[in-house]
Chemist: 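This structure is in structure tokens; I'll ask about it shortly.
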Amino acid sequence: MLSNTAMSIIDKCSIFRQKCVLCAATDATNGLCAPCRRSLPRLPDEQCPRCAEPVAGGALCGHCQRSLPAFDALHVPYIFGYPLSGLIHAFKYGKRLQLAGALGGLLSEFAACQALKYDYVIPVPLAKERLAERGFNQSHELARAIAVTMRSPFSAQLCWRKCNTLPQASLGRAERLKNVRHAFGVKRRCDGLSIAIVDDVATSGATLSALAETLKKQGAKRVDAWVLARAFSPKT
Ligand SMILES: [Zn+2]
Ligand SMILES: [Zn+2]
């Protein structure tokens, strides 16, 4: 039997107990307790097989019927809504890097259910200026986490972002596509490779589609996008 003093030391020790990043409960796994995890807004199961837009019956959505994105599938577990949106925001702009574990854990749990493997798992790169301003690439940790889960090689070096494009949030769907169309570069040929590209949030999917298109021009056979949350823009 451990003494009360020893027990109270263990109770306070973060190795034994992890605090929930949302409610500070002390029985968290990967930084989130079970009730908070259940409160995260899940995407409905019936969704477009290509871009994950919620569609009754799981048919191809209107946007994809008009123009297919260059990625083959978008894998995304959550809707970009409360309280997940707050966590992603705090991670990205508040530089709360300790949230990387919780957010990476959420995407990893989802990846573990799909049993997919890739030749490369890569983060959507940030332009040099944006990286300098933010200090880190929020997609990097997410990509690394799922690469481990999927037992697939991680690479942050394969692609780069050429120019600092306008923030996508200020643009409508058509402008978003134009804005990022030629934003990415790939360092070498990717003939026959299957690649997972990873980001924190997708709205129209224009950024992911532009990167997928660039990789396919370099010979990639399959490009899947993996994101933590799907946002729905009022501008369509
Ligand atoms: Zn909690
Ligand atoms: Zn679609």
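Just so you know, ligand 1 is whichever comes first in the structure, and atom 1 is the first atom listed for that ligand. Heads up: numbering here begins at 1 and tracks the sequence.
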Chemist: Would you call Lys216 and Asp72 a salt bridge, taking side-chain N to carboxylate O under 4.0 Å as the test?
Modeler: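 Counted as a salt bridge, because a side-chain N and a carboxylate O are separated by less than 4.0 Å.
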
Chemist: Hey, what's the angle at the Zn ion (ligand 1) spanning SG (Cys23) and SG (Cys33), nearest 10 degrees?
Modeler: 110°

Chemist: Under 6.0 Å between ring centres, would you say that holds for Tyr118 and Phe154?
Modeler: no

Chemist: Rounded to the nearest 10 degrees, what's the angle SG of Cys51 makes with SG of Cys48 at the Zn ion (ligand 2)? Could you check?
Modeler: 110°

Chemist: Parallel, tilted or perpendicular: which one describes the rings of Trp226 and His75, with boundaries at 30° and 60°?
Modeler: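 Ring orientation of Trp226 relative to His75: parallel.
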
Chemist: If we count only N and O atoms by modelled type, under 3.5 Å, do the side chains of Asp200 and Ser139 hold a donor and an acceptor together?
Modeler: no

Chemist: Under 2.8 Å from the Zn ion (ligand 2), is there any N, O or S atom belonging to Cys61?
Modeler: yes

